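Report on the following structure.
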Number of protein chains: 2
Amino acid sequence: MLQLTRNGEYAVRAVLFLASRPPGRPVLITEISESQEVPKSYLSKIMQQLVHSGLVRSRRGINGGFTLARPAESITLKETIEAVEGPIHLNVCLIRKGECHRDDFCPVHPVWQEAQRRLSEVLDGKTMADLVRDGEAIQGRLKKSRRKR
Amino acid sequence: MLQLTRNGEYAVRAVLFLASRPPGRPVLITEISESQEVPKSYLSKIMQQLVHSGLVRSRRGINGGFTLARPAESITLKETIEAVEGPIHLNVCLIRKGECHRDDFCPVHPVWQEAQRRLSEVLDGKTMADLVRDGEAIQGRLKKSRRKR
DNA sequence: CCAAAATAGGACTAAAATCATCCGTAATGT
DNA sequence: ACATTACGGATGATTTTAGTCCTATTTTGG
């Protein structure tokens, strides 16, 4: 459907939430689940994938939970999405050379390449640190407009 | 999966094929199906959708078939895809305002807006006439390189 | 050592989307 | 009338999506 799935959406919420917390202190899955409105048992699977892909670190037992495995400045939106959705390919013909045998003569193929390049540009151009900053700016504006009322 | 479905892919092939034929003379679904490698019975459904959305005109009976309903210069790639896949929304939060109640404070929302804008730019910037021209250019290059061998 | 606290991971499932096929109906030109 | 061609509805297999649930396994505070 050419649309992000919940997996991707939830992964972004989770990683962004971790990025917004003081680093080092593990965050419980319950806290992520409740604050980000993601079913806990489902989120559990997503967190596992994020751990496997090396974006998030986990610790079991008391004082356990999840933290970012790397600084928020180094984690992009695209990376986070691809960690749980697999590599983004807007069309099957972009999966790899030869996947679609019409590549050689198909005039649409280069258009998809360009479209994908532009999309990647946007998603790779935003780090979790950027998004935390953006979020804080939005909060600031919301507070101001509430004061005016 | 953030990927075009066969519906979209097949629709593009069909419309592009019609655009490459001399306008006015109806093309049989069998010919489209075989040349574009799309199952005929499946293609039938897609052609119906293209007719309903006003991109293609159909005629039944002898000398029937399909033609473009409008000049190829006026039909974009995006239009063709959306005719069979519905409007493109890279994320559910882009479907309409209020679809995702986190819009107001979600710092990721504007990124999706931008990503979608960029994608639309590319897909809307290519008309079927453009693609036919591109295809001919590719054919030309292929012939030349074959001659060199 | 042990119990409590957490995540890990496997099995399972309902619903929807995807990718089709088949067949009777309707229209159209000769 | 009749051959030809698209229309439209019903049906279905397979895959993906979006979860739930339950049992392990790890960790640590007491």
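We name chains A, B, ... by the order of the sequence lines, and we start the count at 1 in each one. Model, not experiment: these values are computed from the prediction.
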| task | Output the residues of residues 12-25 of chain A in contact with DNA chain C, where contact means a heavy atom of the residue under 4.0 Å from an atom of the strand; sort by number or write none. | result |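 Correct list: empty, so none.
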| said: Running the 4.5 Å side-chain criterion over Ile, Leu, Val, Met, Phe, Trp and Tyr, what cluster does Met1(A) land in, apart from itself? | reply: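 Members other than Met1(A) - counting any ILVMFWY side chain reachable under 4.5 Å - there are none.
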Apply side-chain contact (heavy atoms from CB on, under 4.5 Å) to [X] and list each qualifying residue two or more places apart in sequence or on a separate chain.
X         : value
Lys40(A)  : Ile29(A), Thr30(A), Ser33(A)
Ile62(A)  : none
Glu114(B) : Val122(A), Arg117(B), Arg118(B)
Pro107(B) : Leu16(A), Leu131(A), Asp134(A), Ile138(A)

| request: Kindly state which residues belonging to residues 46-58 of chain A come within less than 4.0 angstrom of DNA chain D, counting heavy atoms of the residue only, listed by number. | output: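 The stretch gives none, as no residue of it lies under 4.0 Å from the strand.
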Whether [X] side chain and [Y] backbone form a donor-acceptor pair below 3.5 Å:
X         : Y        : value
Glu82(B)  : Ile88(B) : yes
Glu85(B)  : Thr5(B)  : yes
Gln116(A) : Asn91(A) : no

| said: Using a 4.0 Å heavy-atom cut-off to protein, can you give one letter per nucleotide of nucleotides 17-30 of chain C, 5' to 3': B if the base is in contact, S if only the sugar-phosphate is, - if neither? | reply: -SBBBB---BSBSS
| request: Report the residues that fulfil salt bridge (Lys or Arg N to Asp or Glu O under 4.0 Å) with Glu99(A), sequence neighbours left out, ordered by chain and then residue number. | output: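 In terms of salt bridge (Lys or Arg N to Asp or Glu O under 4.0 Å), with neighbours along the sequence ignored, Glu99(A) is linked to Arg96(A).
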| field | salt bridge (Lys or Arg N to Asp or Glu O under 4.0 Å) partners of residues 52-77 of chain B, not counting sequence neighbours, each pair once | value |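 Every pair satisfying salt bridge (Lys or Arg N to Asp or Glu O under 4.0 Å) with a residue in residues 52-77 of chain B: Arg70(B)-Glu79(B).
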Identify every side-chain donor-acceptor pair in residues 19-26 of chain B under 3.5 Å, counting partners at least two apart or on other chains, and give the distances.
| from | atom 1 | to | atom 2 | distance (Å) |
| --- | --- | --- | --- | --- |
| Ser20(B) | OG | Phe17(B) | O | 2.7 |
| Arg21(B) | NH1 | Glu31(B) | OE2 | 2.6 |

| field | Outermost DNA chain D nucleotides near chain B [under 4.0 Å, heavy atoms] | value |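 Under 4.0 Å from chain B, the extent on DNA chain D is dT4(D) to dT17(D).
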| request: For Trp112(A) and Leu94(A), work out which heavy atoms get closest and say how close. | output: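 Scanning both residues, the minimum pair turns out to be O-CD1, 3.6 Å.
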